[in-house]
2 protein chains.
Amino acid sequence: MSGRLSRTETWTLLSLSAACFAVLVNTFQGDGEPLIASLVFSGIAFSFTYALIRWLGDTFIRAGLKGRDMCKTRNGEIPETMGAVCAVVYLLAIIIFIPFPFYKDIVAATSGGGNRDLVLEVEHVETGRFLHRFPHSKLASYLSAIITLQAIVLLGIGDDLFDIRWRHKLFIPAFASIPMLTVYFVDFGVTRIVIPTPLRPYLGELFDLGWLYYAYMAAISMFCPNSINILAGINGIEVSQSIVIALLIALNDCLYILQPNQTPPHPALDSHLFSLYLLLPFIGVSLALWYHNWYPAKVFVGDTYCYFAGMVFAVVGILGHFSKTLLLLFIPQILNFLYSAPQLFHLVPCPRHRLPRFNARTGLLEPSVAEFQRPLWRPVATVMKLLHKLRLLRIKTDEKGEVVESTNFTIINLWLVMFGPMREDRLAMGLLAFQTACGLAGLFVRHKLALWVFTQDNL
Amino acid sequence: MSGRLSRTETWTLLSLSAACFAVLVNTFQGDGEPLIASLVFSGIAFSFTYALIRWLGDTFIRAGLKGRDMCKTRNGEIPETMGAVCAVVYLLAIIIFIPFPFYKDIVAATSGGGNRDLVLEVEHVETGRFLHRFPHSKLASYLSAIITLQAIVLLGIGDDLFDIRWRHKLFIPAFASIPMLTVYFVDFGVTRIVIPTPLRPYLGELFDLGWLYYAYMAAISMFCPNSINILAGINGIEVSQSIVIALLIALNDCLYILQPNQTPPHPALDSHLFSLYLLLPFIGVSLALWYHNWYPAKVFVGDTYCYFAGMVFAVVGILGHFSKTLLLLFIPQILNFLYSAPQLFHLVPCPRHRLPRFNARTGLLEPSVAEFQRPLWRPVATVMKLLHKLRLLRIKTDEKGEVVESTNFTIINLWLVMFGPMREDRLAMGLLAFQTACGLAGLFVRHKLALWVFTQDNL
């Protein structure tokens, strides 16, 4: 990859940025609408990320942040950890964005005039939901989200630099979630949950989970980043799944925000604005990374990106109080985690890498396999044989009936077992279609069928 | 350096940590005094940093973060960028510390009882200065400090990894200060300054600097980190000067905090508590680094540490509203900057490294020199000759009277020019004594002589 932008790229990015700046200046003259500003920031963030990924490629390679693509015939070294560029641009964007939703006097300050006028305008800001501004008190929670995201990037870069061991890696997101949980403790401290209708006779309508609620939030923070990190290994899959999830959460947010004017406004509106303000720039920087990471990849994303993306979702889910809905969008990741469990918990030996095997002759990917020197534990072997019959695994047995080899336990390999060898991009597209379908079904269940177990959909 | 702690070290650190935990548990049973908690966190942070620096040394070397000591006879490779370890432990400490000064209901929640009791206690918290708690509204400014410090660490590590060019480096702290300035803009927006008495007839008592105030804050944020980064290069100097400055700021804070009970409490009390809460853990982690970085150094601190330390000072100075006092503690750094200016601005050619030259025969440090291929600009040469006569520089001239060589323009070299060659640790101690003396004099001027130019000392 040349480190320079082509003339077309340069002009496209410049035009996009210029258009964004123009819109931004316009929001200042109007009422400083934060949602438009957020879109604009996302456009600018896209342009910056796109250009920086290109410019910094060689620098990263020189600093030793580089890797080889195992699924290509020609595999020169390409830059690794490019997710860090994404993340830094993203952080800068959401930091500079702070005044838009939070500055309480922005209208008052520009109203230029008399006391009466000023009071009126300030009232507008405080009650006028159409401005999509937040109560100033939510600033701390927005800031805690930034700290947590910055922390995960810092720790993610540490992981990419030092190749931290797998069992330590798992806890990186837990450390990063500490700022968010601490501020949650100081600022809200709400640890009650709504009980589903069938259980109410036993537990009451609300139930105070106490410190268990913090454990639950920490678990969500650990699950999202790690589950994206293990559904990885082929070109573009990490970024694409993140973009799909982000778009689905944004869709869910829009269901709340685009409602016809309610008075009083929907109580969850703030949470979903919060979520959009964090997601739109994320989608911006991710698209720029996607362009460079899609088959055939010109850069790798690094663990940093997986952690960072997962943490963005965890943060919006937790601070936006829709973590259960969030999990509905992680169905493929949950399936992958469950399917991976035998290897993750060492019931079945787990090789260092589980990405599919590249067949250089056909140019297609095939399921990769783990070979077993010693006989497996009898019940595990029996289950594996059953899965083999169901075409959910492919095993080889020796003459004694012992399992000597099986495909690795990831849904990426499972996809190849089920649908046969295919090219890397077709494999990624298949998995993405699955991700999208599961997510849409999840949202449908969430909004249409939730009434079965709760007294009201909070939409 | 062996990567393991000796038995004595292990037991000392364990005892220190245990004692700290015991005190911490005790503060919970009492009134949760944040100042004691902060001291305790500093002790724990010291122990963690000390152990981690030792344990991670080899990992850093393997990851390529290593360097050679140019001022030693035997110069094997030792770990570099160890300031990053410091900084990460520090960040974790100040994040976990958040609930202590800010949690508004901590007493109410543990008072275990009746309404009356509860109201009384909450009142205590809100008005009871003896608890050293903050109004909850200050949380955003504390969080913005954390974001800024995290940002400088992130960018500092980027610098250490990618060896960013000098003219770009200068702006790293400016980027990192954006979160602090943004939240300042959203949260306070106070941009007025008190005018010194002699100027009041012309400017009034208060003067609104407007956006210039933000430029001033950005300038402070750029000056502190960079000025520490250029007063560097010999074992222990970066950490020691930072510890001296931190102790002097803490001394100044104590002047406000340890006053006999005032009613109402001193208006600047909050600011100085804020400053102490950020400084005490900084002193803790820095002492652990100092132990390993002092002559003969077993680890290097990296640019990360210099940026991080400088930014801690900038943050407490700016958010604590005592940035002018802060500058009084940076006198050696200011002198070094002024003295360096001819080389920084390329009036005189500047070599890549300006640290003193090690004379392997004597084991002493001598001033390093820059050699000039081309004749210098006449006025510059004249000034240099004058400085030479004043013994503030040492130059060599050729037969035509052209300056062909001069000592490098740093006060480290100047010290060697003035007092002759000396061993590395004596040089560092001399500079530290100078730093301490200047700082104490600065604080004396601040509190005893400020009345000459302001109507009241705010002590």
Side-chain angles (χ1 to χ4, degrees), chain A residues 56 58-60 62-65 81 84-85 87-88 91-92 94-106 109 136-151 153-158 160-164 175-187 189, chain B residues 56 58-60 62-65 81 84-85 87-88 91-92 94-106 109 136-151 153-158 160-164 175-187 189:
Chain A
L56 293 178
D58 292 340
T59 314
F60 272 60
R62 271 200 304 276
L65 299 168
T81 320
V85 175
V88 169
L91 287 168
L92 196 60
I94 60 171
I95 286 168
I96 301 181
F97 178 67
I98 295 173
F100 289 84
F102 290 108
Y103 189 41
K104 52 182 170 186
D105 299 321
I106 203 164
H136 193 250
S137 61
K138 296 230 165 151
L139 179 57
S141 110
Y142 188 86
L143 294 180
S144 77
I146 296 178
I147 299 180
T148 282
L149 293 174
Q150 234 174 12
V153 174
L154 203 53
L155 295 172
I157 292 176
D160 276 329
L161 276 180
F162 300 127
D163 263 331
I164 296 171
F175 271 96
S177 71
I178 291 175
M180 177 172 57
L181 299 189
T182 312
V183 173
Y184 190 93
F185 173 70
V186 169
D187 224 32
Chain B
L56 292 178
D58 291 340
T59 314
F60 272 60
R62 272 200 304 277
L65 298 169
T81 321
V85 175
V88 168
L91 288 168
L92 196 60
I94 59 171
I95 285 168
I96 301 180
F97 177 68
I98 295 172
F100 289 84
F102 291 108
Y103 189 41
K104 53 184 169 183
D105 298 322
I106 202 162
H136 193 250
S137 60
K138 295 230 164 150
L139 180 57
S141 109
Y142 188 86
L143 295 180
S144 77
I146 296 177
I147 299 179
T148 283
L149 293 174
Q150 234 175 11
V153 174
L154 203 54
L155 296 172
I157 291 176
D160 275 330
L161 276 181
F162 300 126
D163 264 331
I164 296 171
F175 271 95
S177 72
I178 291 175
M180 178 172 58
L181 300 188
T182 312
V183 173
Y184 190 94
F185 172 70
V186 169
D187 224 32

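Protein chains get the first letters and strands the later ones, always in sequence-line order, with residue 1 at the start of each.
In plain terms, the two heavy atoms of A:A140 and B:L139 that are nearest each other are CB-CD2, 3.8 Å. Across A:L154 and B:Q150, no two heavy atoms sit closer than the pair CD2-CG, 4.3 Å. When all heavy atoms are compared, the tightest approach of B:I95 to A:P179 is CG2-CA, 3.5 Å.
For a residue to count as touching a neighbouring chain, one of its non-hydrogen atoms must lie under 4.5 Å from one of that chain's; by this rule B:L91 touches chain A with the side chain only. Proximity to chain A is absent for every atom of B:A84, based on heavy atoms less than 4.5 angstrom apart. Heavy-atom distances place the side chain of B:L92, and not its backbone, under 4.5 Å from chain A.
Between atom CG of residue B:L143 and atom OH of residue A:Y142 there is a gap of 13.5 Å, rounded to the nearest 0.5 Å. In this structure, A:I147 CD1 and B:I98 CD1 are separated by 5.5 Å, a value rounded to the nearest 0.5 Å. Distance check, rounded to the nearest 0.5 Å: CZ of B:F60 to CG of A:L161 gives 8.5 Å.
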